[in-house]
Amino acid sequence: MTAPGPGPGPRTLHVLRPGTGMPLVLLHAFPLDARMWTEVAAVFADPAGTAPDVPVLAVDLPGMGTAAASALPEPSIEAAADVVAAVLAAAGHARVVVAGLSMGGYVAMALAERHPGLLAGIGLLDTKSTADAPAARANRLRVADAVQRSGTVDEVAPMASALLGATSRARRPELAARIAGWIGAQQPSGVAWSQRAMAARPDRTAVLAACGLPALVLVGDEDEQTPLPEAEHLAQALAVRPQIVPAAGHLSAVEAPDVVSQALAGLVQRAADRV
């Protein structure tokens, strides 16, 4: 992956597919980085054949991937959204379609609230708009403390399998191995920061209902972390129908990149038609 433009500091904006049109910006899941989108970008194609030059970009969120070299703000999804907006502005992108999976979806929703002029469309994959229940929030903070205390990411290593659907776990063990490598490459500080940021996030259902953007809601039918009812809640707020990906779990973009790519291409086309 490469990043455009000169300048000091880590390059956290990755060009996965070059182009000159309005970009599609992809935001990754926890505890991963922009690499999870590589296959989606590789098979990305405009279904109508009218926008072959759509650039596909991906951003490493605070503390993760190449962003591990940057100073971390106070943990919050809002801070992550502001960082993404600043990175895009520095690269000269004033209007984009944003799609996020899981934690990336939380950041996409915060962008819709805090930087509405930046977004021409929003894609929400395997995510939810509601805040954590008290028990889930407490567990995130427990994991953050454990990772920081141990100085390792061992606490989240089992997610390599847990994020996948039952079909992928049974039939595609190479996916779990690949995800384990991505998780193992993360810094404990970034993992802890991300958990604390997610624990503090508010409910953004009302933000979606008011945004008026072309939207995509997508979910794997074997997603155990944010199952279909969460996607239906999102879809109702956005007045769209959820797209269900067969035989995929929480990491639909890794498990079914062709299906996800086509869905994202359709979103980009709808956004372009509105501009």
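Side chains included, hydrogens not; waters and symmetry mates left out as well; all remaining heavy atoms used. The residues of the chain are indexed from 1 along the displayed sequence.
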Checklist entry - Does the pair Arg142/Glu155 count as a salt bridge with the N-to-O cut at 4.0 Å? => result yes
Checklist entry - Please walk me through it: do Glu255 and Val260 pass side-chain contact (heavy atoms from CB on, under 4.5 Å)? => result CA-CA 9 Å; Glu255 297 172 80; Val260 171; over 6 Å; no
Next on the checklist: Testing the 3.5 Å rule here: is there a donor-acceptor pair between the side chains of Thr20 and Asp53?
Outcome noted: yes
Checklist entry - Is Glu174 atom CD crowded by more than 12 heavy atoms from other residues, nucleotides or ligands, each under 6.0 Å away? => result yes
Item to check | Separation between CD1 of Ile122 and CG of Leu111, rounded to the nearest 0.5 Å | outcome: 8.0 Å
Next on the checklist: Restricting to side chain to side chain donor-acceptor pair (under 3.5 Å), what partner residues turn up for Gln187, sequence neighbours left out?
Outcome noted: none
Next on the checklist: Within the 4.5 Å heavy-atom criterion, are Arg196 and Leu141 side-chain neighbours or not?
Outcome noted: yes
Item to check | Heavy atoms from other residues, nucleotides or ligands near CZ of Arg241 exceed 12 (cutoff 6.0 Å) | outcome: no
Show the atom names and distances, to 0.1 Å, of all donor-acceptor pairs under 3.5 Å that link a side chain in residues 229-236 to residues at least two apart or in another chain.
| from | atom 1 | to | atom 2 | distance (Å) |
| --- | --- | --- | --- | --- |
| His233 | NE2 | Thr205 | OG1 | 3.0 |

Checklist entry - Considering only heavy atoms from C-beta outward, does the side chain of Val219 approach that of Gln243 to under 4.5 Å? => result no
Item to check | Ser76 side chain to Ala197 backbone, donor-acceptor under 3.5 Å | outcome: no
Checklist entry - Got a sec, which residues hit side chain to side chain donor-acceptor pair (under 3.5 Å) with Arg169, two or more places apart in sequence or on another chain? => result Glu224
Checklist entry - Got a donor-acceptor contact below 3.5 angstrom from the Asp221 side chain to the Pro246 backbone? => result no
Next on the checklist: Looking at Val54, is its backbone amide N or carbonyl O close enough to the side chain of Arg17 to form a donor-acceptor pair, meaning the two atoms are under 3.5 Å apart?
Outcome noted: yes
Next on the checklist: Quick check with a 6.0 Å cut-off and a 45 degree axis cone: is Arg201 positioned over the face of Tyr106's six-membered ring?
Outcome noted: yes
Checklist entry - How long is the span from the OG atom in Ser252 to the CG atom in Leu101, to the nearest 0.5 Å? => result 5.0 Å
Checklist entry - Distance only, no hydrogens: is a donor on one side chain within 3.5 Å (strictly under) of an acceptor on the other, for Thr167 and Glu222? => result yes
Item to check | SG on Cys211 to CG on Leu238, rounded to 0.5 Å | outcome: 5.0 Å
Checklist entry - Stepwise, does the side-chain contact (heavy atoms from CB on, under 4.5 Å) test hold for Leu16 with Phe44? => result CA-CA 10 Å; Leu16 305 185; Phe44 183 85; over 6 Å; no
Item to check | CE on Met64 to CH2 on Trp193, rounded to 0.5 Å | outcome: 10.0 Å
Checklist entry - Do you see a donor-acceptor pair shorter than 3.5 Å between the side chains of Gln195 and Arg137? => result no
Next on the checklist: One pair to check against side-chain contact (heavy atoms from CB on, under 4.5 Å): Val84 and Val107. What are the steps and the verdict?
Outcome noted: CA-CA 9 Å; Val84 171; Val107 178; 4.2 Å; yes
Checklist entry - Between Gln269 and Asp273, is any side-chain donor less than 3.5 angstrom from a side-chain acceptor? => result yes
Checklist entry - Do Asp126 and Ser102 pass the side chain to side chain donor-acceptor pair (under 3.5 Å) test, and can you show the C-alpha distance, the side-chain angles, and the key distance before you say yes or no? => result CA-CA 5 Å; Asp126 299 283; Ser102 192; over 6 Å; no
Item to check | Worked verdict on Val83 versus Thr12 for side-chain contact (heavy atoms from CB on, under 4.5 Å) | outcome: CA-CA 10 Å; Val83 166; Thr12 61; 5.9 Å; no
Item to check | Modelled atom types, side-chain donor and acceptor of Thr130 and Asp203, under 3.5 Å | outcome: no
Checklist entry - Between the side chains of Asp33 and Gln186, is a donor N or O closer than 3.5 angstrom to an acceptor N or O? => result yes
Checklist entry - When rounded to the nearest 0.5 angstrom, what distance separates OG1 in Thr152 from CD in Gln148? => result 12.0 Å
Checklist entry - Between His28 and Gly104, is there a donor-acceptor pair closer than 3.5 Å when you use the side chain of the first and the backbone of the second? => result no
Item to check | Residues Glu78 and Arg114 bridged, charged N to O under 4.0 Å | outcome: no
Item to check | Test item: Thr127 side-chain N/O and Leu124 main-chain N/O as donor-acceptor pair under 3.5 Å | outcome: no
Checklist outcome for this item: Between the CD1 atom in Ile77 and the OG atom in Ser194, the distance rounded to the nearest 0.5 Å is 7.5 Å
Item to check | Between Thr226 and Asp223, a side-chain donor and acceptor under 3.5 Å | outcome: yes
